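One structure is given here, and the rest of the page talks about it.
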Amino acid sequence: MKNILFSLLITIILVSCSKYEEGPFVCFKSPEKRITKLWTLKEYYVNDEFILINDLGIEIWEKTYNPDGTGIQTIQLIGMKPVNENFEWKFNEKKDSIFERFRGSNNEWSDFYSKKIIRLSSNDLWIVEKNNNEEIKYFFGIN
C-alpha cells in the first residue's frame, strides 16, 4: 500500500511540474508558492534577439508577486527615480499562463492580458508575451 501511495504522489508531482516547456520537471512547491517573491529581470529577448535592458534605458526592472494576487512592478530608468506600478495577477486554470492587469495613473485598472510561463522554479520565472508580430521573452531571477 505504501508503494502505491508513494508512486501516486511522485506521479502527481511530476505531472504538475512538467507543464512548463523549460521545467522544472520535478518540484515540491505549488506554482503559487514559487511565484510569490521579488523577481529581477535578468534577460530580455525580442524575437529571440537578446537585448540588454540598459540599451532600453532601464537600470532596474523588478516585479513582486504577492500571495493575495497583488503585486508591485518597479522600473528605474537610468539616472531617474524608480517608478512603482501596482498590478493584479492570477493563473489560468492549468497554471501555465499568468494574467496581469495594471492600475494606471488615472487609478483605473487595465484589462487583464496573458503571458505564457515557460519556466517557473524557485529561482527562475521565464515568461513569453506575444504582441502583434513580436515575441517578447522575460527571464526573471532572484538576487
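What you see is a predicted model, and the numbers here were worked out from it, not measured in a lab.
Residue K137 holds its NZ atom at 10.5 Å from NZ of K116, rounded to the nearest 0.5 Å. Atom-to-atom distance recorded for D96:CG and I117:CD1 is 7.5 Å, nearest 0.5 angstrom. Between atom CG of residue L38 and atom OG1 of residue T64 there is a gap of 4.0 Å, rounded to the nearest 0.5 Å. Between the OG atom of S114 and the CD atom of E129 there is a distance of 9.0 Å, given to the nearest 0.5 Å. We find the CG-CD1 distance between N66 and I35 to be 11.0 Å, quoted to the nearest 0.5 Å. Considering OG1 of T74 and CG of N84, their distance stands at 3.5 Å, rounded to 0.5 Å.
Under a cut-off of 6.0 angstrom, the local environment of CG in N132 is sparse, with at most 12 non-hydrogen atoms contributed by other residues, nucleotides or ligands. Dense packing is recorded around CG of N54, with more than 12 heavy atoms of other residues, nucleotides or ligands lying under 6.0 Å away.
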(request) Could you please spell out the steps behind the side chain to side chain contact (heavy atoms under 4.5 Å, CB included) verdict for K37 and I142? (result) CA-CA 8 Å; K37 62 180 69 159; I142 60 171; 3.5 Å; yes

(request) Could you walk me through whether I98 and K90 pass side chain to side chain contact (heavy atoms under 4.5 Å, CB included), step by step? (result) CA-CA 6 Å; I98 191 165; K90 61 185 177 182; over 6 Å; no

(request) For side chain to side chain contact (heavy atoms under 4.5 Å, CB included), just list the numbers for T70 and N86, CA-CA rounded to whole Å, side-chain angles, deciding distance to a tenth of an Å, and then say yes or no. (result) CA-CA 7 Å; T70 63; N86 293 315; over 6 Å; no

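A donor-acceptor pair shorter than 3.5 Å can be found between the side chains of E100 and Y65. Inspection of the S121 and N123 side chains reveals no N or O donor paired with an N or O acceptor under 3.5 Å. Side chains of Q73 and W61: a donor on one and an acceptor on the other come within 3.5 Å.
A donor-acceptor contact shorter than 3.5 Å is absent between the side chain of N131 and the backbone of E134. Between the side chain of D124 and the main chain of G141, no donor-acceptor pair closer than 3.5 Å is present. Counting only distance, with no hydrogens or angles, the side chain of E32 and the backbone of T36 share no donor-acceptor pair below 3.5 Å. No donor-acceptor pair under 3.5 Å is formed between the side chain of R101 and the backbone N or O of Y113. With S110 contributing its side chain and F102 its backbone, the two residues share a donor-acceptor pair below 3.5 Å.
In this structure the side chain of I60 reaches within 4.5 angstrom of the side chain of E62, judged on heavy atoms. Within the 4.5 Å cutoff, the side chain of F87 has no heavy atoms near those of the R103 side chain. Annotation: side chain of L56 is in contact with side chain of I51 (closest heavy-atom distance under 4.5 Å). Using a 4.5 Å heavy-atom threshold, the side chains of L41 and I53 count as touching. You'll find the side chain of E88 reaches within 4.5 Å of the side chain of F112, heavy atoms only. Side-chain contact between E43 and F50: present, with at least one pair of heavy atoms (C-beta onward) separated by less than 4.5 Å. In this structure the side chain of I118 never reaches within 4.5 angstrom of the side chain of Y20, judged on heavy atoms. Using a 4.5 Å heavy-atom threshold, the side chains of E59 and L77 count as separate.
Ring orientation note: the planes of F91 and W89 are nearly perpendicular, at an angle over 60° on the 30°/60° scale.
Within the 6.0 Å centre-distance limit, the rings of F139 and Y45 are counted as a close aromatic pair.
In terms of heavy-atom proximity, R34 sits nearest to K29 at NE-O, 3.0 Å.
No continuous path of hydrophobic side-chain contacts links V83 to W109 [ILVMFWY only; heavy atoms under 4.5 Å]. Under a hydrophobic-cluster definition in which Ile, Leu, Val, Met, Phe, Trp and Tyr are linked whenever side-chain heavy atoms come within less than 4.5 Å, directly or via other members, I58 and L125 are assigned to the same cluster.
Note that K115 lies in the cation-pi zone of Y138, set by a 6.0 Å cut-off to the ring centre and a 45° limit from the axis.
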